[in-house]
There are 2 protein chains.
Amino acid sequence: MFSKACKYAINAMTYIATLPKERDRVGLKEISKEINSPEAFTAKILQVLVKDHLLTSIKGPNGGFMMRGKSEEIFLGQIVEAIDGDVLFTGCALGLEHCNGHHPCAVHHKFKAIRDHLAGMLMTTSLKEVAFGINNGTNFLRS
Amino acid sequence: MFSKACKYAINAMTYIATLPKERDRVGLKEISKEINSPEAFTAKILQVLVKDHLLTSIKGPNGGFMMRGKSEEIFLGQIVEAIDGDVLFTGCALGLEHCNGHHPCAVHHKFKAIRDHLAGMLMTTSLKEVAFGINNGTNFLRS
DNA sequence: TTCAAAAGATGATTTTCGTCATGATTAAAA
DNA sequence: TTTTAATCATGACGAAAATCATCTTTTGAA
Ligand code: FES
Ligand code: FES
């Protein structure tokens with residue numbers, strides 16, 4: 001469904017969003033430890049998120065990564081799109097060059113319903129909402 | 001979403017299912033031409049489907065591949081499972097080792113709805129139904 | 001200056017995707 | 001019957017992408 005990079009990205013953003021108000025930044029080491037991801041690979045992913053203006057990075061001692069916007073205004077779909085692109089939202093399930101109703105693949109109609117369901121969920125689920133479940137103890141970032 | 005191998009598999013099975021009753025088999029060349037897939041790679045995929053008892057193969061001149069069961073009793077989910085395994089149906093969206101309600105990941109609840117929607121669609125959509133759309137001219141196997 | 005931390009470059013490893021050469025089987029032709 | 005050609009079967013190989021690791025450079029605080 002999602003690439004590993006995308007999974008790490010969502011978990012990392014979620015963890016950053018769980019930080020208390022008085023702590024606005026967190027380093028790579030802590031992130032990759034908390035979400036149980038390879039450190040170097042995570043670094044690359046975070047850099048993509050910085051380039052996409054979802055995160056801000058601060059260099060030097062006491063540096064780290066911080067959310068660029070409010071967590072209630074960042075949605076999972078933005079993260080997925082930044083890492084995996086929009087193929088999940090607009091691509092054909094069976095590999096046709098363009099997905100559109102005028103030249104539908106064998107499963108276009110049925111698949112479009114699923115895809116729209118998924119896109120709707122991702123575009124309306126905010127990081128704040130997800131982070132709340134983690135802080136709450138109802139959901140988990142690692143096995 | 002699906003791997004390329006899985007996409008080719010679905011399209012190949014669909015094409016075989018579109019054959020008229022008086023023609024029960026079709027060769028690799030024709031299949032890969034009709035679904036626009038690399039021939040050698042398609043051969044590998046078809047062999048997996050043969051091993052999984054979804055297809056029967058016949059060697060020699062006028063040989064080819066034929067459906068092993070009735071197209072109305074073969075569902076897309078079986079093809080997906082044969083090629084990509086069941087991770088799409090049972091795996092965690094965010095990479096947790098096991099997906100279950102007792103240790104849910106950050107998006108388990110919302111994602112499970114999507115996943116079940118997808119699984120339901122794949123498990124109830126028969127090859128006959130899909131092939132009908134192709135024979136009908138309403139759907140297409142290639143760009 | 002010195003040190004910790006992120007950025008950036010580069011390379012290794014693994015998985016996926018795809019090709020090629022060759023063998024095995026069998027219907028059809030000779 | 002014997003040969004031929006069409007077809008599937010298989011394993012080795014290679015290219016490309018995804019994934020993960022290491023090293024150097026740059027930055028900024030103390
Ligand atoms: S054309 Fe294949 S999903 Fe729309
Ligand atoms: S635990 Fe992640 S989807 Fe169920």
Side-chain angles (χ1 to χ4, degrees), chain A residues 1-12 16 23-33 35-68 80 82-85 87-88 91 94-95, chain B residues 1-13 15-16 19 23-68 80 82-85 87-88 91 94-95:
Chain A
M1 182 69 84
F2 305 124
S3 69
K4 287 203 179 182
C6 191
K7 295 174 185 178
Y8 294 148
I10 293 177
N11 277 330
I16 298 174
R23 212 182 145 214
D24 62 343
R25 70 191 67 168
V26 56
L28 166 67
K29 270 203 182 77
E30 182 177 337
I31 293 175
S32 65
K33 183 185 164 194
I35 70 173
N36 193 30
S37 67
E39 205 175 302
F41 191 38
T42 307
K44 277 207 173 156
I45 296 163
L46 292 177
Q47 279 157 34
V48 173
L49 295 174
V50 168
K51 270 183 195 144
D52 254 72
H53 307 293
L54 290 173
L55 289 178
T56 304
S57 65
I58 298 166
K59 299 176 189 174
N62 280 320
F65 296 90
M66 54 189 287
M67 312 260 326
R68 194 174 174 107
V80 173
I83 303 294
D84 281 351
V87 60
L88 189 62
L94 298 184
Chain B
M1 182 70 81
F2 305 123
S3 69
K4 288 209 178 175
C6 191
K7 295 173 185 177
Y8 294 147
I10 293 176
N11 277 329
M13 290 289 291
Y15 178 65
I16 297 174
L19 295 179
R23 213 180 143 218
D24 63 342
R25 71 190 68 168
V26 57
L28 165 67
K29 270 203 181 80
E30 182 177 337
I31 294 175
S32 65
K33 184 184 164 195
E34 288 294 327
I35 71 173
N36 193 32
S37 66
E39 202 175 305
F41 191 39
T42 307
K44 287 263 165 85
I45 297 163
L46 292 177
Q47 278 147 37
V48 173
L49 295 175
V50 169
K51 271 184 193 140
D52 254 72
H53 308 291
L54 290 173
L55 288 179
T56 303
S57 66
I58 299 165
K59 296 177 188 175
N62 279 320
F65 296 90
M66 54 189 287
M67 312 258 327
R68 192 173 176 107
V80 173
I83 304 294
D84 280 352
V87 59
L88 189 62
L94 298 184

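Every chain is numbered from 1 and lettered A, B, ... according to where its sequence line falls, protein lines coming before strand lines. Computed over heavy atoms, backbone and side chain alike; hydrogens, waters and symmetry mates excluded.
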**Q** Of all residues at least two apart in sequence or in a different chain, which pass the side-chain hydrogen bond (donor to acceptor under 3.5 Å, both in side chains) check with B:S57?
**A** none

**Q** State which residues pass side-chain hydrogen bond (donor to acceptor under 3.5 Å, both in side chains) with A:T56; sequence neighbours excluded, sorted by chain then number.
**A**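 For A:T56, no residue satisfies side-chain hydrogen bond (donor to acceptor under 3.5 Å, both in side chains) once neighbours in sequence are set aside.
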
**Q** Atom CG of B:L46 and atom C1' of D:dT10: how far apart are they, to the nearest Å?
**A** 14 Å

**Q** For DNA chain C, find the residues of residues 32-41 of chain B with a heavy-atom distance under 4.0 Å and give them by number; none if there aren't any.
**A**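 Those residues whose heavy atoms fall under 4.0 Å from DNA chain C, taken from residues 32-41 of chain B in numerical order, are B:P38, B:A40, B:F41.
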
**Q** When the distance from CZ of B:F2 to C1' of C:dT16 is rounded to whole Å, what number comes out?
**A**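 The distance from CZ of B:F2 to C1' of C:dT16 comes to 17 Å, rounded to the nearest Å.
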
**Q** Can you list the residues that meet the side-chain contact (heavy atoms from CB on, under 4.5 Å) rule with B:P61, with sequence neighbours excluded?
**A**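 B:P61 satisfies side-chain contact (heavy atoms from CB on, under 4.5 Å) with no other residue.
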
**Q** Can you check nucleotides 24-29 of chain C for protein contacts, nitrogen or oxygen pairs under 3.5 Å, and list what you find?
**A**
{"unit_1": "C:dA28", "atom_1": "OP1", "unit_2": "B:N62", "atom_2": "ND2", "d": "3.3"}

**Q** Do other residues, nucleotides or ligands put more than 12 heavy atoms under 6.0 Å from the CG atom of A:D24?
**A** yes

**Q** Can you list everything that forms a side-chain contact (heavy atoms from CB on, under 4.5 Å) with B:A5? Sequence neighbours excluded, please.
**A** B:S3, B:F41, B:I45, B:I83

**Q** From C-beta outward on A:K44, which listed nucleotide comes closest to its side chain: D:dG11, C:dT10, C:dA7?
**A** C:dT10

**Q** Heavy atoms, side chains only, cut-off 4.5 Å: are A:L88 and B:M1 in contact?
**A**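 Result yes, sub-4.5 Å side-chain heavy-atom pair found.
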
**Q** Rounded to whole Å, please give me the gap between CD1 in A:I45 and P in C:dA6.
**A** 15 Å

**Q** Residues in side-chain hydrogen bond (donor to acceptor under 3.5 Å, both in side chains) with A:Q47, at least two apart?
**A** none

**Q** Counting C-beta onward and ignoring hydrogens, is there a side-chain heavy-atom pair between B:E34 and B:N11 closer than 4.5 Å?
**A** no

**Q** Rounding to a whole Å, what distance do you find between B:I31:CD1 and D:dA9:C1'?
**A** 15 Å

**Q** Roughly how far apart are B:L94 CG and A:I10 CD1, rounded to 0.5 Å?
**A** 5.5 Å

**Q** Whole Å only: how far is the CG atom of B:L28 from the P atom of C:dG18?
**A** 14 Å

**Q** Quick one: A:I83 CD1 to D:dA18 C1', roughly how many Å, whole number?
**A** 13 Å

**Q** Kindly give the atom pairs (protein nitrogen or oxygen, nucleotide nitrogen or oxygen) under 3.5 Å for nucleotides 13-15 of chain C.
**A**
none

**Q** Write down the distance between CD (A:Q47) and P (D:dT19), rounded to a whole number of angstrom.
**A**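 Interatomic distance, CD of A:Q47 to P of D:dT19: 16 Å.
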
**Q** Which one, D:dC8, D:dT10, D:dC20, comes nearest to the side chain of A:K4?
**A**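 Comparing D:dC8, D:dT10, D:dC20 against the side chain of A:K4, the answer is D:dC20.
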
**Q** Who pairs with B:S32 by side-chain hydrogen bond (donor to acceptor under 3.5 Å, both in side chains), at least two apart in sequence or on another chain?
**A** none

**Q** When you measure from the side-chain N and O atoms of B:S57 to the phosphate of D:dA9, is any distance below 4.0 Å, counting only OP1 and OP2?
**A** yes

**Q** Expressed as a whole number of angstroms, how long is the span from A:K7:NZ to D:dT19:C1'?
**A**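 Roughly 12 Å, once rounded to whole Å.
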
**Q** Report yes if a side-chain nitrogen or oxygen of A:Y8 is closer than 4.0 Å to either non-bridging phosphate oxygen (OP1 or OP2) of D:dT19; otherwise report no.
**A** no

**Q** So how far is it from A:I35 CD1 to A:Y8 OH, rounded to the nearest 0.5 Å?
**A**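 Interatomic distance, A:I35 CD1 to A:Y8 OH, rounded to 0.5 Å: 8.0 Å.
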
**Q** In chain order, what residues pass the salt bridge (charged side-chain N to carboxylate O under 4.0 Å, His left out) check against B:E39, with sequence neighbours excluded?
**A**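 Salt bridge (charged side-chain N to carboxylate O under 4.0 Å, His left out) list for B:E39, sorted by chain: empty.
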
